[in-house]
Asks: 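Right, I'll just put the structure down here and ask away after.
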Number of protein chains: 2
Amino acid sequence: MPNQNRRERERAARHELIVRTARELAETEGWDAVTTRRLSQRIEYSQPVLYSHFAGKDAIVGAVALQGFTELADALAAARVGAGTTDEAVPAVIRAYLAFAETNPALYDAMFTLSTDLPFAQDTTPAPMQAGFAQLHDVFAPLAGERDTGVFTEVWWATMHGLVTLARGGRLPAGAQEQRVAMLVEQLTAR
Amino acid sequence: MPNQNRRERERAARHELIVRTARELAETEGWDAVTTRRLSQRIEYSQPVLYSHFAGKDAIVGAVALQGFTELADALAAARVGAGTTDEAVPAVIRAYLAFAETNPALYDAMFTLSTDLPFAQDTTPAPMQAGFAQLHDVFAPLAGERDTGVFTEVWWATMHGLVTLARGGRLPAGAQEQRVAMLVEQLTAR
DNA sequence: CTCCAGATCCTAGCAACGCTAGATTCTCCT
DNA sequence: AGGAGAATCTAGCGTTGCTAGGATCTGGAG
């Protein structure tokens with residue numbers, strides 16, 4: 001029964017099509033526009049097909065988020081190796097993180113605001129999510145001094161995350177983000 | 001026509017009732033449970049009454065958020081004057097901020113996650129919102145050194161906000177929040 | 001006291017949402 | 001060629017935010 005293989009391939013392709021379409025729709029029109037009806041219409045299948053691939057809309061958002069974690073980890077890793085010295089790695093990674101959030105706002109929302117049931121910081125945490133934090137940890141840890149490197153990383157991660165979420169929605173004055181990033185870098189590297 | 005006064009008083013009372021009920025419902029069962037039907041049922045009026053007071057559900061959330069900003073500003077001010085020395089004011093205000101977010105999670109969500117159309121950081125920004133930031137600014141500014149006090153405050157505000165939002169939803173390991181707060185305080189006051 | 005205008009409030013309904021049961025069509029092996 | 005099982009769709013349920021239209025109440029004028 002070699003057809004079984006083709007079936008599985010087609011299924012996987014459609015699975016990926018759903019995730020990709022949901023992401024595109026979210027990035028262009030916002031997550032509010034990502035309804036099961038519009039999504040099913042875009043992939044040219046009926047609604048129930050979505051539910052044969054995912055438990056529900058939340059699961060679709062989660063799949064998009066997981067994709068985001070992979071890309072974020074890759075982006076941070078690339079920034080790290082792209083930096084010449086170790087000193088340059090810190091600002092490079094910080095800027096890469098903030099650039100990622102700014103370039104993919106809907107994706108970032110899926111990762112940190114929308115999807116509520118992703119297992120963070122546990123043994124069952126998916127590899128991509130652990131990888132992203134690991135990148136930050138490796139870069140920030142040398143600056144921790146005598147302090148716990150994990151907690152240290154978490155605090156500065158929180159700063160970056162806070163800057164991202166506050167800047168979005170105009171919670172912070174527009175235009176001054178570069179100043180804030182510069183201060184964040186300086187605050188973190190000084191000492 | 002003295003009845004007009006009574007009318008206006010009753011209207012204001014009902015306005016306040018709506019906001020209070022929405023907040024209670026959100027705090028006990030989450031914002032998902034705050035539907036216009038349940039809300040109207042709780043205040044013992046029909047749905048359209050809500051729309052004679054507010055433009056829509058978003059406006060109700062916004063009203064709750066505004067209440068939150070007032071209370072947050074008060075809480076920060078109280079922590080500030082409650083602290084003995086100026087040095088003690090910084091950790092006191094930080095802890096007050098985080099305690100506020102932890103005690104009123106739904107309220108905090110309304111302020112910083114849900115309500116999207118509140119005018120932050122503008123001339124039209126409501127007084128309570130400016131007051132909250134002003135409290136932080138006054139406490140953090142002395143630590144800024146040569147740096148811009150506004151940007152300095154924004155960065156550390158972002159750290160607090162990031163810790164709040166990441167801790168919520170289990171993005172950060174549970175139980176270690178106190179460690180992170182301690183490190184935040186130390187990082188901010190050292191130097 | 002009566003009557004009518006205007007304010008006040010509710011019933012009923014619309015379109016869109018996430019999701020699912022049941023019928024229908026297609027696929028493939030015997 | 002036929003039938004089992006997979007694949008897919010149509011149609012619909014209950015719920016959402018919101019609103020049009022009619023009913024009810026209020027209060028001053030005749």
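To find a chain, count down the sequence lines: A is the first, B the second, and so on, and within it residues start at 1.
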Asks: Tell me whether the centres of the aromatic rings in B/H161 and B/Y108 are closer together than 6.0 Å.
Replies: yes
Asks: Output the rounded distance in Å from CD (A/E44) to P (D/dT8).
Replies: 13 Å
Asks: Under 4.0 Å between a side-chain N or O of A/T36 and OP1 or OP2 of C/dG18?
Replies: yes
Asks: Measure from CG on A/D32 to P on C/dG18 and round the result to the nearest Å.
Replies: 10 Å
Asks: Just by distance, with hydrogens left out, do B/Q41 and B/R38 show a side-chain donor and acceptor under 3.5 Å apart?
Replies: no
Asks: Provide the closest heavy-atom pair for A/A59 versus A/A55 in the form atom of the first, atom of the second, distance.
Replies: CB-N, 3.9 Å
Asks: Note down the inter-axis angle between the two ends of the helix from C/dC1-D/dG30 to C/dT30-D/dA1, five pairs each, to the nearest 10°.
Replies: 30°
Asks: Calculate the interatomic distance between B/Q41 atom CD and D/dG17 atom P; express it in whole Å.
Replies: 13 Å
Asks: Quick one: does B/E88's side chain have a donor or acceptor within less than 3.5 Å of a partner on B/A83's backbone?
Replies: no
Asks: Output the rounded distance in Å from CG (A/L39) to C1' (C/dA16).
Replies: 16 Å
Asks: Please list, by residue number, the residues of residues 55-66 of chain B whose heavy atoms come closer than 4.0 Å to an atom of DNA chain C; answer none if no residue qualifies.
Replies: none
Asks: Can you pull out the residues from residues 12-29 of chain B that lie within a 4.0 Å heavy-atom distance of DNA chain C?
Replies: B/R14
Asks: Without decimals, in angstroms, what is the distance between A/E10 CD and D/dA6 P?
Replies: 16 Å
Asks: Is the backbone N or O of B/L107 less than 3.5 Å from a side-chain atom of B/N104, with the two atoms forming a donor-acceptor pair by type?
Replies: no
Asks: State which residues pass salt bridge (charged side-chain N to carboxylate O under 4.0 Å, His left out) with A/R80; sequence neighbours excluded, sorted by chain then number.
Replies: A/D138
Asks: Quick one: do the B/Q47 and B/T36 side chains pair a donor with an acceptor below 3.5 Å?
Replies: yes
Asks: If you restrict it to nitrogen or oxygen atoms, what contacts under 3.5 Å exist between nucleotides 12-14 of chain C and the protein, and what is each distance?
Replies:
none

Asks: B/T35 near the nucleic acid: base, sugar-phosphate alone, or nothing, with a heavy-atom cut-off under 4.0 Å?
Replies: sugar-phosphate
Asks: Between B/H53 (NE2) and D/dC18 (P), how many Å, whole number?
Replies: 16 Å
Asks: Report the distance from atom OH of B/Y45 to atom P of C/dC9, rounded to the nearest whole Å.
Replies: 6 Å
Asks: A/R9 has an atom CZ; how far is it from atom P of D/dA7, in whole Å?
Replies: 14 Å
Asks: Under 3.5 Å, is there a donor on one side chain and an acceptor on the other for A/T125 and A/Q130?
Replies: no
Asks: Could you name each residue pair satisfying side chain to side chain donor-acceptor pair (under 3.5 Å) that touches residues 68-77 of chain A, not counting sequence neighbours?
Replies: A/R23-A/E71
